[in-house]
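When reading the values below, keep in mind they use all heavy atoms of this one structure, side chains included, and skip hydrogens, waters and symmetry mates.
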Amino acid sequence: MKTPSIKGSFMQLLVASVQERMKRGRITQGDLEAALTPEDLRILEEPVRPGSWYPVATEDRLLRLLMAKEGHGNVEYLIEAGRLSADRVIALGIYDQLKPENAQRLGDRFGPFLNTLAAAAHNFTRWRFTGTMERFRIEVTEAADYPDAVRYTGQGFIERCFAYTTGRRVTVTSTREAVDRVVFEGRSEPV
């Protein structure tokens with residue numbers, strides 16, 4: 001069985017966030033050693049390769065460390081981190097569907113694109129989008145190894161991508177309906 005993992009291109013953003021806080025003294029070596037495994041520490045010390053896969057358990061521990069040190073334990077920190085991650089991915093311009101000239105034309109085809117993007121980010125889980133850009137549901141199955149810290153950042157990521165794509169105000173919630181099933185629900189309205 002393959003290790004549930006995150007693609008390096010997405011992991012780079014998270015590792016850069018931790019390294020930036022280390023440089024500013026907001027996260028200490030002691031914080032790292034208390035929250036992370038030796039494998040996690042090696043990942044922080046070496047360049048993250050965009051095409052490689054990294055354990056989702058490391059992603060979870062890094063997110064929880066950031067939430068504890070920067071977000072005072074509040075999950076809203078993770079949701080906002082997901083929004084900012086979406087901003088960075090959009091700014092990179094690597095997905096044609098998220099380029100300004102294409103994004104708002106994507107319309108209701110955004111749901112299937114999001115399924116594809118999720119598969120590019122993590123090598124496990126299955127995503128199914130139903131609904132419209134105004135009211136939608138995303139069911140994530142095979143999600144037993146999909147940590148809640150990752151779920152909350154996913155919530156913010158989805159919200160920002162939908163807002164960018166539709167030009168509307170979007171609200172997304174998430175729940176873990178079962179051990180192996182997470183559901184994101186969203187609504188949008190004109191700005």
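One finds the CG atom of Leu63 at 5.0 Å from the OG1 atom of Thr153 (value rounded to the nearest 0.5 Å). We find the CZ-CD1 distance between Phe157 and Ile79 to be 15.0 Å, quoted to the nearest 0.5 Å. Taken from CD in Glu45 to CG in Leu32, the straight-line distance is 9.0 Å, to the nearest 0.5 Å. Thr175 contributes atom OG1, which lies 6.5 Å from atom CZ of Arg151 (distance to the nearest 0.5 angstrom). Distance check: Thr125 OG1 to Arg181 CZ gives 14.0 Å after rounding to the nearest 0.5 Å. Leu36 CG to Leu41 CG: the interatomic distance, rounded to the nearest 0.5 Å, is 5.0 Å.
Linking Ile, Leu, Val, Met, Phe, Trp and Tyr residues whenever their side-chain heavy atoms come within less than 4.5 Å leaves Leu13 and Leu84 in two separate clusters.
Looking at Tyr54, its side chain does come within 3.5 Å of a backbone N or O of Arg49 through a donor-acceptor pair. A donor-acceptor contact shorter than 3.5 Å links the side chain of Asn123 to the backbone of Thr3. Of the possible donor and acceptor atoms, one in the side chain of Asp31 sits under 3.5 Å from a partner among the backbone N and O of Thr28. Remark: the backbone N or O of Lys7 is not paired with any side-chain donor or acceptor of Ser9 at under 3.5 angstrom.
Here the shortest heavy-atom pairing between Asp145 and Val56 reads O-CG1, 3.6 Å. Shown here for Val48 and Gly8, the closest heavy-atom pair between the two residues is CG1-O, 3.5 Å. The two atoms that bring Leu66 and Ser17 nearest to each other are CD1-CB, 4.2 Å, heavy atoms only. When all heavy atoms of Glu159 and Val172 are compared, the closest pair comes out as OE1-N, 3.3 Å. His122 and Trp53 get closest at one heavy-atom pair: C-CZ3, 3.7 Å. Heavy atoms only, all atoms of each residue included: Leu14 and Leu62 are closest at CD2-CB, 3.8 Å.
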Q: May I have the step-by-step check of side-chain contact (heavy atoms from CB on, under 4.5 Å) for Phe136 and Ile158, ending in yes or no?
A: CA-CA 11 Å; Phe136 59 88; Ile158 293 165; 4.2 Å; yes
Q | side-chain contact (heavy atoms from CB on, under 4.5 Å) between Arg26 and Glu70, worked out | A | CA-CA 8 Å; Arg26 297 178 75 136; Glu70 296 282 302; 2.8 Å; yes
Q) What's the verdict on side-chain hydrogen bond (donor to acceptor under 3.5 Å, both in side chains) for Glu134 and Thr132, showing C-alpha distance, side-chain angles and the deciding distance? A) CA-CA 5 Å; Glu134 287 77 30; Thr132 66; 3.2 Å; yes
Q.
side-chain contact (heavy atoms from CB on, under 4.5 Å), that's the test. Do Gln97 and Leu117 meet it? Break it down for me.
A. CA-CA 10 Å; Gln97 297 89 333; Leu117 186 59; over 6 Å; no
Q: Just do the side-chain contact (heavy atoms from CB on, under 4.5 Å) check on Thr141 and Asp180 with the steps written out, would you?
A: CA-CA 6 Å; Thr141 56; Asp180 64 346; over 6 Å; no
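Residue pairs meeting the salt bridge (charged side-chain N to carboxylate O under 4.0 Å, His left out) criterion with at least one member in residues 113-132, sequence neighbours excluded: Arg126-Glu142, Arg128-Glu139.
Checked against side-chain hydrogen bond (donor to acceptor under 3.5 Å, both in side chains), Arg176 has the following partners two or more places apart in sequence or in another chain: Asp148.
Looking at Arg83 and Asp87, no side-chain N of the basic residue comes within less than 4.0 Å of a carboxylate O on the acidic one, giving no salt bridge.
Between Tyr146 and Trp127, the ring planes lie perpendicular to each other; the angle is over 60°, past the 30° to 60° tilted range.
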Below 3.5 Å, can you tabulate the donor-acceptor pairs from side chains in residues 182-191 to any protein atom, sequence neighbours excluded?
unit_1: Ser188; atom_1: OG; unit_2: Met133; atom_2: O; d: 2.8
unit_1: Ser188; atom_1: OG; unit_2: Arg168; atom_2: NE; d: 3.1
unit_1: Glu189; atom_1: OE2; unit_2: Arg169; atom_2: NE; d: 3.4

